[in-house]
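What you see is a predicted model; the values in this text were computed from it and never measured.
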Amino acid sequence: MLNSFDKNWTSNNNGCELGGQEVERLISVRPSAAQFRLARKPFYCFVHFGMNTCTGREWGAGVETPKDFNIQKIKVEQWVGAIKSAGATGLILTCKHHDGFCLWHTKYTDFSVENSPYKEDIVKKVAAECKKAGLDFGIYLSPWDMHEKSYGTPQYNNYFCDQLTELLIGYGEIFEVWFDGAKGAGAKDFTYDWQRYYKIVRALQPKANIAICGPDIRWVGNEGGITRKSEFSVVPKYLQSAESTAKDSQHSEAQAKKMQHFNSKTADLGSRKVLRQFDELCWYPAEVDVSTRNGWFWNSKTNGSVKSGKRLFDIYLNSVGNNCTLLLNVPPTNKGTVHRREVRALAALGKKINEMTAKPVIVQSLGELCEKDGYIDFEFSGEKRLKYIIIKEDIRFSQRVEKFDIYLKKANGKFKKAYGGTVIGAQKIIKLQNAKCCGARLIIRQSRSSPVISEIGFYE
């Protein structure tokens with residue numbers, strides 16, 4: 001009779017097929033070069049800044065004028081410094097939010113920073129500072145525009161494409177283009193020319209990923225930093241529909257609380273049972289977008305809601321540590337700086353991220369496992385107190401692991417189960433409570449073909 005360790009992917013594979021036509025179909029779905037680069041830089045920041053920073057609103061009203069953008073000074077280097085201290089590798093700026101106000105010198109509307117008391121091109125300043133600091137730069141351009149008169153007519157698609165082109169050719173390399181699905185319930189009924197937008201991005205910034213209402217990065221489905229137990233990257237292709245994403249997005253400012261939670265119908269997106277129902281699949285990894293405070297734009301009333309470094313680290317573990325990327329919003333104030341509470345929280349987050357891997361016990365590259373690797377043992381040089389285990393699949397070979405266990409070896413030679421998980425994907429971070437052990441055992445219970453583990457690390 002098989003013991004618990006012998007029940008693994010090399011024996012019964014948890015009762016699932018290890019190979020065959022269906023398995024080959026699933027593992028043939030793999031990331032693009034841009035998606036693979038994204039997985040290696042899974043934490044970056046949003047910066048919501050603009051007209052709403054001055055008016056204290058989240059969505060604007062559509063009746064603002066350039067004079068209402070009355071900010072006198074902006075310390076972009078302070079924004080970038082605070083974000084970099086958190087360990088983030090990129091910054092996405094809200095170049096135009098729903099109110100339609102443009103933070104760059106655009107040829108296509110007078111409703112821009114150029115005609116405000118501030119006058120300077122903010123997109124240019126942020127892009128330059130990111131380049132100087134070694135951060136990737138990305139753009140957010142809202143398809144919904146409350147101010148532009150052509151919105152709701154075919155001409156608006158031209159307007160949007162013209163502005164998108166300005167941003168893609170004038171500010172260096174772009175790592176991500178973020179298209180929001182939010183649109184007010186009272187907005188004009190209008191069909192965006194998504195395919196035309198995508199074609200422009202592909203032509204002008206071929207290394208960029210197109211997010212949310214785009215084919216490269218999937219919205220996780222909420223704004224509360226919550227992820228699914230099993231967050232798959234191989235999912236049905238219909239999920240790439242921008243219209244579907246927009247339908248599930250906000251349609252009023254009052255829906256903000258609703259966005260903190262999941263709809264239970266979206267709990268399983270990529271199990272074999274689900275994927276069997278669909279002919280077309282795609283690689284569509286999830287991005288977790290969440291703000292450091294209540295609301296996306298700074299407001300003096302929300303200063304008390306800034307999340308602590310500990311809370312931000314928990315979100316990091318649940319997103320970056322659960323096969324997702326993390327897009328953490330950091331909204332500057334109307335004084336042109338990131339609030340001191342956010343500065344402290346970001347620095348604390350960065351410290352915790354660095355501490356996580358500061359004391360490695362063993363870090364190994366495993367590669368593709370073979371028949372003798374039903375379970376793999378790791379011997380430590382004496383007794384250790386483990387705090388974290390980090391496992392990474394080589395996603396260039398798709399997402400294969402579906403179920404795994406971690407056992408810790410005690411001083412008496414016996415093994416005790418420490419963790420039971422489902423998918424791994426780009427990265428799984430397992431947090432332990434100073435677990436005393438002298439070794440560990442990884443058992444992959446279920447996999448789509450042979451697992452390919454790029455790295456496993458044990459840390460004190």
Practice item. Any chance you could measure W9, atom CH2, to L18, atom CG, to the nearest 0.5 Å? Key: 6.5 Å

Review point. Under the 3.5 angstrom rule, does the side chain of S398 hit a backbone N or O of V29 as a donor-acceptor pair?
Key: yes

Check your understanding: So, the side chain of K403 versus the backbone of I444: is there a donor-acceptor pair under 3.5 Å, distance only?
Key -> no

Revision key, fill the gap. So CD of Q240 and CD1 of I210: to nearest 0.5 Å the spacing works out to 10.5 Å

Exercise for review: State, to 0.1 Å, how close R396 and R30 come at their nearest heavy-atom pair, and which atoms those are.
Suggested key: O-CD, 3.1 Å

Exercise for review: Please determine, by modelled atom types, if E368 and S450 share a side-chain donor-acceptor pair under 3.5 angstrom.
Suggested key: yes

Exercise for review: Flag the pair R272 / C16 as yes when at least one side-chain heavy-atom distance between them is below 4.5 Å, and no otherwise.
Suggested key: yes

Check your understanding: Are the aromatic ring centres of F137 and Y171 under 6.0 angstrom apart?
Key -> no

Review point. Where is the tightest heavy-atom contact between L275 and P236, given as atom of each residue plus distance?
Key: CD2-CD, 3.7 Å

Point to revise | Row check, F404 ring normal vs R445 NZ/CZ: under 6.0 Å, within 45° | key: no

Check your understanding: Under 3.5 Å, side chain of E455 to main-chain N/O of S365, donor-acceptor pair present?
Key -> no

Check your understanding: Under the salt bridge (charged side-chain N to carboxylate O under 4.0 Å, His left out) test, which residues partner R385, sequence neighbours left out?
Key -> none

Review point. Quick one: are I362 and F380 in side-chain contact, heavy atoms under 4.5 Å?
Key: yes

Exercise for review: Return yes when atom NZ of K307 has more than 12 non-hydrogen atoms of other residues, nucleotides or ligands closer than 6.0 Å, and no otherwise.
Suggested key: yes

Point to revise | Atom CD of Q277: over 12 foreign heavy atoms under 6.0 Å | key: yes

Exercise for review: Look at the side chain of Q446 and the backbone N and O of E402, then say whether any donor-acceptor pair between them is shorter than 3.5 Å.
Suggested key: no

Practice item. Check the side chains of S271 and D268 for a donor-acceptor pair under 3.5 angstrom, ignoring hydrogens and angles. Key: yes

Review point. Heavy-atom distance under 4.5 Å between the side chains of D405 and L442, does that happen here?
Key: no

Review point. Is the backbone N or O of N299 less than 3.5 Å from a side-chain atom of R293, with the two atoms forming a donor-acceptor pair by type?
Key: yes

Practice item. Tell me, with the steps shown, if E342 and W79 meet side chain to side chain donor-acceptor pair (under 3.5 Å). Key: CA-CA 10 Å; E342 261 111 352; W79 305 1; over 6 Å; no

Review point. Any sub-3.5 Å donor-acceptor pair from Q399's side-chain atoms to I395's backbone N or O?
Key: no

Review point. Within 45 degrees of the axis of the six-membered ring of F5 and under 6.0 Å from its centre: does R441 put its NZ or CZ there?
Key: yes

Exercise for review: Given salt bridge (Lys or Arg N to Asp or Glu O under 4.0 Å), test E22 with R25 step by step and report yes or no.
Suggested key: CA-CA 5 Å; E22 177 62 9; R25 184 176 81 98; 3.0 Å; yes

Point to revise | Over all atoms of both residues, closest heavy-atom pair of G309 and A348 | key: CA-CB, 3.9 Å

Review point. Is any side-chain heavy atom of F43 less than 4.5 Å from a side-chain heavy atom of L349?
Key: yes

Check your understanding: Do you know the tightest heavy-atom contact between P332 and H48?
Key -> CD-O, 3.6 Å

Practice item. Check whether any side-chain heavy atom of I456 sits under 4.5 Å from a side-chain heavy atom of I390, and report yes or no. Key: no

Practice item. Ignoring hydrogens and angles, tell me if any N or O in the side chain of N322 forms a donor-acceptor pair with the backbone of R228 under 3.5 Å. Key: yes

Review point. Is it true that a side-chain atom of N323 and a backbone atom of E231 form a donor plus acceptor pair closer than 3.5 Å?
Key: yes

Review point. Where is the tightest heavy-atom contact between E223 and V290, given as atom of each residue plus distance?
Key: O-CG2, 3.6 Å

**Study point:** Residues, nucleotides or ligands: over 12 heavy atoms within 6.0 Å of R40 CZ
**Key:** no

**Study point:** CG (N434) with more than 12 external heavy atoms under 6.0 Å
**Key:** yes

Point to revise | Polar contact flag, side-chain donor to acceptor under 3.5 angstrom, N294-T302 | key: no

Point to revise | Donor + acceptor pair across side chains of T325, Y44 (<3.5 Å) | key: yes

Check your understanding: If you draw a 6.0 Å radius around NZ in K384, do more than 12 non-hydrogen atoms from other residues or ligands fall strictly inside?
Key -> yes

**Study point:** From CA spacing to verdict: side chain to side chain donor-acceptor pair (under 3.5 Å), E58, W296
**Key:** CA-CA 7 Å; E58 281 287 294; W296 291 98; 4.9 Å; no

Review point. Is I353 close to Y316 at the side-chain level, that is, under 4.5 Å between some pair of heavy atoms?
Key: yes

Exercise for review: Check whether any side-chain N or O of N52 sits under 3.5 Å from a backbone N or O of G56 as a donor-acceptor pair, and report yes or no.
Suggested key: no

Review point. Which pairs pass side-chain hydrogen bond (donor to acceptor under 3.5 Å, both in side chains) with one or both residues in residues 124-138, sequence neighbours excluded?
Key: K41-D136, E120-K125

Review point. If we ignore angles and hydrogens, is there a donor and acceptor under 3.5 Å between the side chains of E287 and W219?
Key: no

Exercise for review: Could you list the residues that satisfy side-chain contact (heavy atoms from CB on, under 4.5 Å) with N8, not counting sequence neighbours?
Suggested key: T10, S11, Y375, I443

**Study point:** Interatomic distance, D373 atom CG to D377 atom CG [nearest 0.5 angstrom]
**Key:** 10.5 Å

Review point. Is the gap between the ring centers of Y419 and Y407 under 6.0 Å?
Key: no

Check your understanding: Are a donor atom and an acceptor atom from the side chains of N303 and R341 found within less than 3.5 Å of each other?
Key -> no

Exercise for review: With rounding to the nearest 0.5 Å, note down the distance linking CG in L346 to NZ in K351.
Suggested key: 15.0 Å

Practice item. Measure the SG-CG distance between C324 and D289 for me, rounded to the nearest 0.5 Å. Key: 11.0 Å

Review point. Any luck finding a side-chain donor-acceptor pair between K7 and N14 under 3.5 Å?
Key: no

Review point. Is there a donor-acceptor contact under 3.5 Å linking the side chains of N329 and S291?
Key: yes

**Study point:** Check: R202 side chain, Y197 main-chain N or O, donor-acceptor pair, under 3.5 Å
**Key:** no

Check your understanding: Tell me, do E383 and K436 make a side-chain contact under 4.5 Å, heavy atoms counted?
Key -> yes

Point to revise | From CA spacing to verdict: side chain to side chain donor-acceptor pair (under 3.5 Å), S447, N13 | key: CA-CA 7 Å; S447 182; N13 200 39; 5.6 Å; no

**Study point:** Pairs satisfying side-chain hydrogen bond (donor to acceptor under 3.5 Å, both in side chains), at least one member in residues 88-97, at least two apart
**Key:** K96-D145, K96-Y156, H97-Y140

Practice item. Scan residues 407-416 for pairs that pass salt bridge (Lys or Arg N to Asp or Glu O under 4.0 Å), counting only residues two or more places apart or in two chains. Key: E379-K409

Check your understanding: Are N318 and T227 close enough, and set up right, to give a side chain to side chain donor-acceptor pair (under 3.5 Å), and what steps lead you there?
Key -> CA-CA 7 Å; N318 191 48; T227 59; 3.2 Å; yes

Point to revise | F297/F49 aromatic ring centres below 6.0 Å | key: no

Study note, to complete from the structure: Applying side-chain contact (heavy atoms from CB on, under 4.5 Å) to S449 and not counting sequence neighbours gives V23, I27, R400

Study note, to complete from the structure: Shortest non-hydrogen pair, L269 vs V274, comes out as O-CG1, 3.7 Å

Review point. Is there side-chain contact between L386 and L408, with at least one heavy-atom pair below 4.5 Å?
Key: yes

